[in-house]
Amino acid sequence: MGKKLGLSMRGRHIFEGYSFISIWIVGFLLFMVIPLGQSFYYSLNNLEVTEKGLIPTYTGLTHYRAAFTTDIHFVPLLQSTLTTMLSQVPLILIFAMFSALLLNRQFRGRVLFRGIFFLPVIIASGAILRELLEQGAAQLPIFNQYDLFGKLSAFIPEDILEPLLEYADSLTLVMWDSGVQILIFIAGLQTISPSLYEAAKCDGATKWESFWKITFPMIMPMLFVNTLYSIVNSFTKTDNRIMDHIMNIVFRSNNYAYGSAMGWIYFIVISVVLAIVFFVFRKSLSATEGRG
């Protein structure tokens, strides 16, 4: 199709990309634009529920200021969500990359193990994940049964030991959240030509050097995609307490205006974090476009 239109290689790539996301764009314009506009309009007003519907009274940025000044839960929950994201996303990416390198090797039962790693994505989601978390399935019982904190505190300072044990205790969630990322990394690894590794081996490069000089640069676009996916997934997970707070305000307190304001603040925070990721990966993205 691109050749018939007389497009360049870059133009064909752009055309193909927009063709893949065209259905999402149509769905967004049909079903999302109006609700988003309404929520922003609600956030700037006080809404009175009457028999005729919602009657708005313009208040400007009152609800936005209230989220930071009068709400004692919003800011701490927002800080906790950001801290959790900053601690878990690197662990997820490291675990996913390491698992993909192992699962990309030739061995018996490789397809079975790939399915096992992806299985939590299907099972541990939504209401099932919430129930598992409430039952403590995401925590390792060894920390409480053997009082590791008390035993190790005699050798390791508590300021260092406490975050280390928290990271270790979150390994189950890290494994549950790594299924999609593992598949994306595997797809990226399979696009690397074996001749590159053969040439590096002939030049005397070790496997460690081949990873940093060949594997890591080649899967940088996949790392970028996985980083975005992991961040968004972290901000919208079932156990996200700030999402619960917003839903409680909207659906239990019926305060649609204030809930909309908090939702837009949360959206802006997520957008800023994603913009920082784009800025960090800008060089690798430019290099990828140059090769295209």
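These numbers were taken from a predicted model, which means no experiment stands behind them.
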Problem - Working for side chain to side chain contact (heavy atoms under 4.5 Å, CB included), residues F267 and V272 - result: CA-CA 9 Å; F267 171 75; V272 171; over 6 Å; no

Practice task
Would you sort out whether T62 and L44 count as a side chain to side chain contact (heavy atoms under 4.5 Å, CB included), showing the intermediate values?
Solution key: CA-CA 7 Å; T62 301; L44 300 176; over 6 Å; no

Practice task
Decide side chain to side chain contact (heavy atoms under 4.5 Å, CB included) for R241 and T81; before the verdict, give the C-alpha distance in whole Å, the side-chain angles of both, and the deciding distance to 0.1 Å.
Solution key: CA-CA 8 Å; R241 294 175 61 191; T81 301; 5.7 Å; no

Practice task
Starting from the C-alpha separation in whole Å, work towards a yes-or-no answer on side chain to side chain contact (heavy atoms under 4.5 Å, CB included) for I192 and I219.
Solution key: CA-CA 9 Å; I192 303 175; I219 64 172; 4.1 Å; yes

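In the hydrophobic cluster analysis, where Ile, Leu, Val, Met, Phe, Trp and Tyr join through side-chain heavy atoms closer than 4.5 angstrom, F31 is grouped together with V26. Both Y58 and F40 belong to a single network of hydrophobic side chains, linked directly or stepwise wherever heavy atoms of I, L, V, M, F, W or Y lie under 4.5 Å apart. Follow the hydrophobic side-chain contacts under 4.5 Å out from F28 and you never reach I34; the two are in separate clusters. Both L86 and I268 belong to a common hydrophobic cluster when Ile, Leu, Val, Met, Phe, Trp and Tyr are linked at side-chain heavy-atom distances under 4.5 angstrom. Taking hydrophobic clusters as Ile, Leu, Val, Met, Phe, Trp and Tyr residues chained together by side-chain heavy-atom distances below 4.5 Å, V269 shares a cluster with V232.
The aromatic rings of F74 and H245 sit tilted relative to each other, their planes meeting at an angle between 30° and 60°.
Atoms CG and OG, on L61 and S43 in that order, are 8.5 Å from each other to the nearest 0.5 Å. Put simply, CD on E16 and CD1 on I21 are 13.0 Å apart, with the number rounded to the nearest 0.5 Å. Atom CD1 of I270 and atom CE of M85 lie 9.5 Å apart (nearest 0.5 Å). Atoms CZ and CG, on F224 and N226 in that order, are 11.0 Å from each other to the nearest 0.5 Å. Atom-to-atom distance recorded for I265:CD1 and I246:CD1 is 8.5 Å, nearest 0.5 angstrom. To the nearest 0.5 angstrom, L189 atom CG is 5.0 Å from N104 atom CG.
Listed by chain and residue number, N248 satisfy the side-chain hydrogen bond (donor to acceptor under 3.5 Å, both in side chains) test with R252 (two or more places apart in sequence, or in another chain). For N45, there are no side-chain hydrogen bond (donor to acceptor under 3.5 Å, both in side chains) partners two or more places apart in sequence or in a different chain. Remark: Y64 engages no residue in a ring-ring contact (aromatic ring centres under 6.0 Å, His included) (not counting sequence neighbours). Take T215 and apply the side-chain hydrogen bond (donor to acceptor under 3.5 Å, both in side chains) test, not counting sequence neighbours, and it matches Y197.
Closest of all the heavy-atom pairs between S195 and S193 is OG-OG, 2.7 Å. Scanning all heavy atoms of the two residues, the minimum distance from S178 to I92 falls at OG-CG2, 3.6 Å. When every heavy atom of T227 is checked against every heavy atom of L223, the shortest pair comes out as OG1-O, 2.6 Å.
Side-chain contact check for M97 versus I182: every heavy-atom pair is 4.5 Å or farther apart. Contact of the I55 side chain with the N46 side chain is not registered, since no non-hydrogen atoms from C-beta on lie closer than 4.5 Å. Contact annotation: the side chain of L228 approaches that of F278 to within less than 4.5 Å [non-hydrogen atoms, C-beta and beyond].
A donor-acceptor pair under 3.5 Å links the side-chain atoms of S87 to the main chain of T84, judged by distance alone. N240 places a side-chain N or O within 3.5 Å of a backbone atom of F235 that can act as its donor or acceptor partner. Between the side chain of S22 and the main chain of S19, a donor-acceptor pair closer than 3.5 Å is present.
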What donor-acceptor contacts under 3.5 angstrom involve side-chain atoms of residues 254-264, with partners at least two apart or in another chain?
from	atom 1	to	atom 2	distance (Å)
N255	OD1	Y258	N	3.2
Y258	OH	D71	OD2	2.6
S260	OG	Y256	O	2.7
W264	NE1	S39	OG	2.9

Under 3.5 Å, side-chain donor or acceptor atoms of residues 201-213 against the rest of the protein: list the pairs with distances, not counting sequence neighbours.
from	atom 1	to	atom 2	distance (Å)
T206	OG1	E209	N	3.2
E209	OE1	T206	N	3.0
S210	OG	T206	O	3.0

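Residues Q181 and S230 have side chains that bring a donor and an acceptor to within less than 3.5 angstrom of each other.
Under the side-chain contact (heavy atoms from CB on, under 4.5 Å) test applied with Y229, the options V180, L93, I184, D177 reduce to a single match, V180.
Remark: R12 fails to qualify as a cation-pi partner of F15 under the 6.0 Å distance and 45° angle criteria applied to the six-membered ring.
The environment of I23 atom CD1 is sparse: at most 12 non-hydrogen atoms of other residues, nucleotides or ligands sit within 6.0 angstrom.
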